[in-house]
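Data block below; observations after.
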Amino acid sequence: METGIAISFWILAAVMVASALAVVWLRDIFRAALFLVLCFFSVAGVFVILGADFLAAAQVLIYVGAIAVLIIFAIMLTRETQRGSPSGRFRFIAFLVGLLFLVTVTLVVVSTDWHAITEIPAEPTTSSLAQALFSGESGFVLPFEIAAVLLLAAIIGAIVLVRER
Amino acid sequence: MGVLEQFQHWLLGYWPSWAAYLVPAIVAFLVLSSFILLVVMAFIYIERRGVGRFQVRLGPNRAGPLGILQPVADAIKVLVKEDIIPSRGDRRIHWLAPIIAFMPALAIFAVIPFGPRAIFTDINIGILYIIAISSLGVIGVFMAGWASGNKYSLVSALRTVAQLISYEIPLMLSIAGVLIISGSLSMVSIVEAQSIPFILLQPLGFLIFFVAATAELNRTPFDLLEAESEIVAGYHTEYSGMKFSLFYLAEYTHAFAISAIVATLFLSGWKGPFLPPALWLMIKVFLVFIVLFWARSTLPRLRVDQLMGFAWKGLFPLALLNLFITAAEAIIWPGFPWQLLILNLLIAALLIVLWSGLFRVAGERVSFHRYGRGIAKGMALTFRHLFRRPITVQYPEQRLTPAPRFRGNLLVWDEERCNGCRACARACPVSIIDIETKKGDKGLIVETLEIDFGRCLFCGLCVEACPVAALFMSRDYEQASYFRESLVVKKEQFIAAEKRPSAYAYPDLEAEMPPQTLLAPPKEKG
Amino acid sequence: MAVGLEHFLILSAVLFSIGLYGALAKRNAVVILMCIEIMLNAVNIAMVAFSRYGHLLTGQVFAIFIMVVAAAEVVVGLALVIAIYRSRETVDVERIDLMKW
Amino acid sequence: MLKTEPIMINFGPQHPSTHGVFRMRVTFDGEVIVDLEPIFGYLHRGIEKLCESKTYTQIIPYTDRLDYLASMSNNFAYVMAVEKLAGIEIPERAQYLRVIVAELQRIASHLIAVGGFLNDLGAFFTPFMYMFREREKILDLFEMVCGQRLTYNYMRIGGVSHDIPPEFLPALKRFVDEMPGYIDEYDQLLAENEIVLARSKGVGVLPADLAINASASGPVLRGSGVRWDIRRADPYSIYDRFEFEIPVGKMGDTYDRYWVRIQEMRQSVRIVRQAMAELPQGEVRAKVPATLRPPQGEVYARIESPRGELGFYLVGDDSPHPYRFKVRAPSLINLTLLRDLCIGWKLADAIAILGSIDIVLAEVDR
């Protein structure tokens, strides 16, 4: 079990990082978007390793099925593929910032003593997740409803923005 | 616990753990893909034969007994074709697209239960997995459309996104009704929860799901992605050979998957008396598929905006209402007694009638009594044609007798009677009759006669012009050649040829000719 | 070679910094949005990892909310990009730095 | 709606729905047509010029090849023109035979037009197959009469080439009796089908005044509500002896053109039935010299072909060949309306509109 998870983790991590780098590197936006899909997909794989089965499915559904497709659609609508995705003037600074962030976080992660519980939690998370979301006391009913309103607002906003006057 | 896990556990006792993870997956993949391939072949065969019968044709019946090997022949034909990659396209994406289109369809089967325990892996979020996975196929189609460097394909790619994303929403919402009743996302428990098939408890949900699934499959009337008459073949216009066959396979695999999901969610899956569970499921799957291609052979296609309007203004609100009603029922009658069945049927009928009243077809509101009736009538008509005798014949074995006056492929020339007057050559509109004569003892002797049948109009004017009844039309109708020169028929060939004159321009010959085969009126069978 | 919480967190950090670099360095607005999505995903990994190794489902709940927000953000973001593209014929952020158009 | 950059797409000349080698250069905004340019000439064979070097009889097979879906009508119009030029009276029986075959031809041609139109709407060949089944029966009848199934070359100057064989009339009777039932079947399959209605009603509306100004004719014109049928407006041959109605549409949309064709099939069956009943005995061909040399002069003869007003303009100069040979092809003139009909509609509508105009490229290009 452990080795299996370890193997999958390293493969997924490699794919994820490589595809994220490809998104940043590639000049062809359409291909970059396809690598983004791959990245999202490997994130879903990581979720499976972490025992978050519901989230994994939701990740595929929302990110791969909806967001990625939306992005591809936007790419086709904006027709910027010929120009590609060049890097800006602050490329070097951006690189430094990214590197700095990475180093800092890594240091923090390594030096912190996480009180991690290694044994595997009870498998299916779907119903317990629903409990956590909707149970009376500690639930997230209000945020959940607000999220729905946010989505509605976003949809209407998008329609208003894109609508021709 | 699914078959896959059991296999894994068994393997873990003997093999190292990594192999125990990998091997079952590979074995499952192989078993699944060969099984799916078989079913898909059956699908292709049934669809081609079935559509043939709907169209009063015979359908393919050449390869093997009753044409049963037709899918194999199709496969061989497709596989040996040249693989074309458009030079303006994106080579790698073009190569990758069919695989990405095919894999999700295959992956769905991991959670389809073929029996109480015959499931590869019974994950607890089975139906969510299916929805998530099937939304991946869009990307494959999209990639294909983009990478082809073809405008038809591009239009198809844009349509793909619009159509598949829109229909996913009513699809999910209609599944939600089932989930409320069964109280589980697992496919096995959904089947087990169906003491009454959910099609009866969720008639509206079933209809919405079926229509949305048809759209997801891009089958008629929602086959806008590959609309033959508009964008030629859409996203796979530029595909051939192996890659095209993968798309083809993906389409049918997806059809199989969707049929299996319909059977599982609404038709109580593997359940049924007497027969083994897997057989019951397959029977239901095939029934669903037959309805799919029945609709295909009856209905025309919607337009893009109508398609989107139908999804967003028709199916989406109905699906929401259905979800709402189901949720209310779950609170009021938590056990879902069978009496609900009548209520739900009534609600479904009422909602459809009310909703269709809001619809407009070409500016005029669809009247209540008509909505769906025209489609039902058409479906009934095609169904009746299923039992009519096909009008096509098996050509080389079954030959039709042409009319006595038939103007066939070669002329029949009577050397004895011909006096070389060249009336035929003068009458010919395309001047293909070449006659040279010389003076003989009694009048003219034909020295050379050459007729270029490659250019013949078969107008019969030469025969009509002949004053001495030496030229006849022929009754044969088979003529083919790889070389143009061999279509030029010379005097010797005319003399040597078997003489089968037709009665054209010679009515006195008509009496001895066999009667013409006429297309008989179709008889209802039995 | 057991995989622990740190592994996931570092993976998340790597992903996040790649996204950060892209978001800062790229000039195409769509690519910037893509990089932001990568960053959100990185955060999600961290959230779910915490949830897994802390046996607390709140992390996953947060991840769900992040997904919702990401969806909303992408919708509005892309709508903006398209609106800008329509009036300016470009999605290059260095050329659309005017406050009005 | 999202605004996008216009894209230009070439439809044809090998597109499956352009009914031949026809090309449309269409500019789209998204899926909406902003401009459309019909480009034809891919099938130009110079028949008009070619015929000026043929004798009057030899031209008949060439007219078969103009509108190959309605060869009989072409024969008919052409021989009428020659007879008018040469002043030839033709026997009664030949007149009736001509009317019978011309009306059968109208049915056969409309069957293809409607079937093709429905195929363009996306029906998977089923209506097409059903209609081909009935067309085959007509072709069987034609084969019985003249020995050919597509390029008939049946009519001759001064009559028709052959009298009908004895088995023709019973077979025709059977066909005429069962045809209305089949038309009912098409109605059942399609006339009320919601998808057909949604796709064709209100789409590609051709206003009556535009139709008249563009000199459209045939079902395209009548779909717009103009009751103009040359069989009535300028009766030729013996059409003034028959009772029939001229169906006209209300709006001039794609559906009305389709509907008019279906109704015309019913009327044609009616005409054939009357002609059969009144068919006189006698000669089928007037005495005409073997090499016809019509006098100097010009003549224009027109008939109502399945596609509209088909006219032949001939100038004779005492020689065996026409000095000038010109065809007024209804398809070509109806096709010029395509741009006006399509702009503002969607890609799929353009195909449906083209299908509803019912062109035959061999006639457009000649």
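Sequence lines set the chain letters: A, B, ... in the order given, protein chains first and strands last, and positions in each chain run from 1.
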Open item on the list: To check you understand the geometry: which heavy-atom pair defines the closest contact between C:Lys26 and C:Val31, and what is its length?
Closed with: CG-CG1, 3.7 Å

- [ ] Heavy atoms only: give me the nearest C:Gly59-C:Ser51 pair and the separation to one decimal.
- [x] CA-CB, 3.8 Å

TODO: Please look at A:Val105 and chain C and tell me whether the side chain, the backbone, both or neither of the residue comes under 4.5 angstrom of a heavy atom of that chain.
DONE: side chain

TODO: Can you see which heavy atom on A:Val24 is nearest to which on C:Gly22, and at what distance?
DONE: CG1-CA, 4.0 Å

Task: Residue part contacting chain A, namely of C:Ala42, when any heavy atom lies under 4.5 Å - done: neither

Open item on the list: Could you check whether C:Phe8 and A:Phe9 have their ring centres less than 6.0 Å apart?
Closed with: yes

Task: Leading residue by heavy atom contact count with chain C [cutoff under 4.5 Å; candidates A:Ile49, A:Val43, A:Leu55] - done: A:Leu55

Task: Which portion of C:Leu15 sits near chain A, non-hydrogen atoms under 4.5 angstrom - done: side chain

Open item on the list: Taking every non-hydrogen pair under 4.5 Å, which of A:Leu151, A:Leu96, A:Thr106 racks up the most with chain C?
Closed with: A:Leu151

Task: A:Leu102 portion near chain C, given a 4.5 angstrom heavy-atom threshold - done: both

- [ ] Identify which part of A:Ala13 has an atom lying under 4.5 Å from any heavy atom of chain C, answering side chain, backbone, both or neither.
- [x] both

Task: Non-hydrogen atoms of A:Leu12 and A:Gly45 that approach each other most closely - done: CD1-C, 3.4 Å

Open item on the list: With chain C as the partner, which of A:Leu70, A:Ile62, A:Val46, A:Leu99 has the greatest number of non-hydrogen pairs under 4.5 Å?
Closed with: A:Leu70

Task: Partner set under side chain to side chain donor-acceptor pair (under 3.5 Å) for C:Glu37, not counting sequence neighbours - done: none

- [ ] Name the region of C:Phe50, side chain, backbone, both or neither, that has any atom closer than 4.5 Å to a heavy atom of chain A.
- [x] side chain

- [ ] Look at A:Ala20, A:Cys39, A:Ala66, A:Ala148 and state which one has the largest set of heavy-atom pairs under 4.5 Å with chain C.
- [x] A:Ala20

- [ ] Select one option (side chain, backbone, both, neither) describing which atoms of C:Leu20 are under 4.5 Å from chain A's heavy atoms.
- [x] side chain

Task: Side-chain heavy-atom pair C:Leu24, A:Ile93 within 4.5 angstrom cut-off - done: no

TODO: Looking only at non-hydrogen atoms, find the nearest pair between A:Ala56 and A:Val48 and report the distance.
DONE: CB-CG2, 3.6 Å

Open item on the list: So which residue, C:Val81, C:Val69, C:Ile64, ends up with the most heavy-atom pairs under 4.5 Å with chain A?
Closed with: C:Ile64

Task: Atom of A:Ala52, atom of C:Gln60 and distance for their closest heavy-atom approach - done: CB-NE2, 3.4 Å

TODO: For chain C, find which of A:Phe47, A:Phe101, A:Tyr63 contributes the most heavy-atom pairs closer than 4.5 angstrom.
DONE: A:Tyr63

Task: Proximity breakdown for C:Ser12 and chain A, heavy-atom pairs closer than 4.5 Å - done: neither

Open item on the list: Quick check on A:Ala153 against chain C: is it the side chain, the backbone, both or neither that has a heavy atom closer than 4.5 Å?
Closed with: neither

TODO: Check the surroundings of atom CZ in C:Phe65: do more than 12 heavy atoms from other residues, nucleotides or ligands lie under 6.0 Å from it?
DONE: yes

Task: For A:Val17, side-chain contact (heavy atoms from CB on, under 4.5 Å) partners two or more places apart - done: A:Leu21, C:Leu11, C:Val14, C:Ile18

Task: Side chain, backbone, both or neither of A:Phe92 within contact of chain C (heavy atoms, under 4.5 Å) - done: neither

Open item on the list: At a heavy-atom distance under 4.5 Å, which candidate from C:Ile38, C:Asn44, C:Leu40, C:Asn41 has the highest pair count against chain A?
Closed with: C:Asn41

